[in-house]
Amino acid sequence: MASSQEKIAVYNLADLKNTSDDAIPNYLNSLKFKQSHHLTDVRLALGYTAFAISAACFMWDYKFGFESTKHYSAVAVTLYTILNGALTFWIWAKEKGIVYVGTAPSGETISIATSTKKNTPVYNLSITIQPPSKSANRQQSQTITLARPFADWFDSAGRFIAPPFQAVLATAIPAVGRLDPKRVASSPAPAPSSSSDSKYTPEMLDALAAATAADATGADAGGQGAGGKKGGKRRKAQ
């Protein structure tokens with residue numbers, strides 16, 4: 001399918017990034033890459049364990065009272081703090097914005113981290129390519145950095161257009177290009193030096209900045225009103 005029927009707000013930087021992030025595993029897995037879920041599995045294990053401890057603490061306090069369970073509660077609070085500290089460290093030091101890790105049929109391991117800068121509709125990718133384990137150059141990994149405007153693969157209505165996005169990956173990553181040669185561009189487009197190089201007009205950039213500010217204000221208000229509850233269906237833009 002050339003484009004998605006789902007539309008997003010073209011001025012919402014988080015939606016632009018999240019939709020692009022979600023398209024990476026869809027494309028690479030269709031080329032027979034074997035995706036690794038290790039990073040996500042560890043994050044979920046830490047998060048769910050911390051939640052289970054807090055839920056158990058609440059239940060035994062509710063059933064038996066604080067006095068009879070205060071020592072257990074103190075231990076639970078300590079464990080919860082340690083687990084949340086470990087989760088924060090894992091996201092910050094290990095994941096580092098990585099949205100995909102997978103192994104190509106030829107044996108290379110591909111790790112892709114993505115990020116955006118505030119009010120700048122440009123998608124930044126850092127692609128690390130590790131040679132096959134049987135290769136003599138196993139320790140010589142290669143890192144490729146790219147920066148492309150979201151307007152290259154989103155139309156004005158907010159629909160995601162897959163072919164140009166796939167062409168970026170196929171052109172930049174040799175293992176992908178070998179599996180999908182029709183997507184390889186003959187000469188890669190230069191990375192934009194500023195937001196003015198993208199297809200966004202000044203009016204669209206102003207609207208993007210306003211939407212980002214509104215999202216941040218709404219998130220702060222929602223967090224205070226809900227007692228700082230965390231979560232959501234979409235990831236925040238890095």
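All figures in this text were calculated on a predicted structure; none of them were measured in a lab.
Counting heavy atoms from C-beta on, the side chains of Ile173 and Ile110 come closer than 4.5 Å. Between Phe154 and Ser20, some side-chain heavy-atom pair lies under the 4.5 Å cut-off. Side-chain contact between Pro149 and Pro121 is absent, with no heavy atoms from C-beta onward closer than 4.5 Å. At a threshold of 4.5 Å between non-hydrogen side-chain atoms, the residues Val176 and Leu28 count as touching. The closest side-chain heavy-atom distance from Phe165 to Asp152 is not below 4.5 Å. Asn12 places none of its side-chain heavy atoms less than 4.5 Å from the side chain of Ile8. Residues Ile112 and Ile98 fail the side-chain proximity criterion, which asks for heavy atoms closer than 4.5 Å. No side-chain heavy atom of Lys117 sits under 4.5 Å from any side-chain heavy atom of Val122.
Here Asp61 pairs with nothing under the salt bridge (charged side-chain N to carboxylate O under 4.0 Å, His left out) rule; sequence neighbours left out.
For the atom pair Leu46 CG and Thr88 OG1, the distance stands at 9.5 Å (nearest 0.5 Å). Distance CH2/Trp60 to OG1/Thr69: 7.5 Å, rounded to 0.5 Å. One finds the OG atom of Ser115 at 7.0 Å from the NZ atom of Lys17 (value rounded to the nearest 0.5 Å). Residue Ile91 holds its CD1 atom at 14.0 Å from NZ of Lys96, rounded to the nearest 0.5 Å. The CG atom of Leu169 lies 6.0 Å from the CD1 atom of Ile127; values are rounded to the nearest 0.5 Å. One finds the CG atom of Leu87 at 8.0 Å from the CD atom of Glu95 (value rounded to the nearest 0.5 Å).
Screening Gln130, Arg178, Gln142 for a side chain to side chain donor-acceptor pair (under 3.5 Å) involving Glu108 leaves a single residue, Arg178.
Connection of Val77 to Phe64 is not established within any shared hydrophobic cluster, with ILVMFWY side chains joined at heavy-atom distances below 4.5 Å, either directly or through further cluster members. In the hydrophobic cluster analysis, where Ile, Leu, Val, Met, Phe, Trp and Tyr join through side-chain heavy atoms closer than 4.5 angstrom, Trp90 is grouped together with Leu79. If you chain together hydrophobic residues whose side chains sit under 4.5 Å apart, Leu125 and Ile144 fall into the same group.
Tyr100 and Asp21 share no donor-acceptor pair across their side chains, judged by distance under 3.5 Å alone.
With respect to Asp180 and Lys182, a salt bridge is recorded, a charged nitrogen being found less than 4.0 Å from a carboxylate O. Residues Asp155 and Arg159 are paired through a salt bridge, judged by an N-O separation under 4.0 Å between the basic side chain and the carboxylate.
Between the side chain of Thr109 and the backbone N or O of Thr103 there is no donor-acceptor pair closer than 3.5 Å. Looking only at distances, a side-chain donor or acceptor of Ser54 sits under 3.5 Å from a matching main-chain atom of Phe51. The backbone N or O of Asp22 sits less than 3.5 Å from a side-chain atom of Asn26, completing a donor-acceptor pair.
Of all non-hydrogen atoms in Ala170 and Val184, the two that sit nearest each other are O-CG2, 3.7 Å. When all heavy atoms of Ile24 and Thr114 are compared, the pair lying nearest together is CD1-CG2, 4.2 Å. Closest of all the heavy-atom pairs between Tyr27 and Arg183 is OH-CG, 3.9 Å. For the residue pair Leu16 and Phe150, the shortest heavy atom distance occurs at O-CE2, 3.5 Å. Between Val10 and Ala157, the shortest heavy-atom distance links the atoms CG1-C, 4.3 Å. Between Leu179 and Pro105, the shortest heavy-atom contact is CD1-CD, 3.7 Å.
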| request: Could you please spell out the steps behind the side chain to side chain contact (heavy atoms under 4.5 Å, CB included) verdict for Gln166 and Trp153? | output: CA-CA 9 Å; Gln166 295 171 355; Trp153 52 82; over 6 Å; no
Quick one: side chains of residues 31-39, donor-acceptor pairs under 3.5 Å with protein atoms, not counting sequence neighbours, listed by atom name and distance.
unit_1 : atom_1 : unit_2 : atom_2 : d
Gln35  : OE1    : Asn29  : ND2    : 2.9
Ser36  : OG     : His38  : N      : 3.4

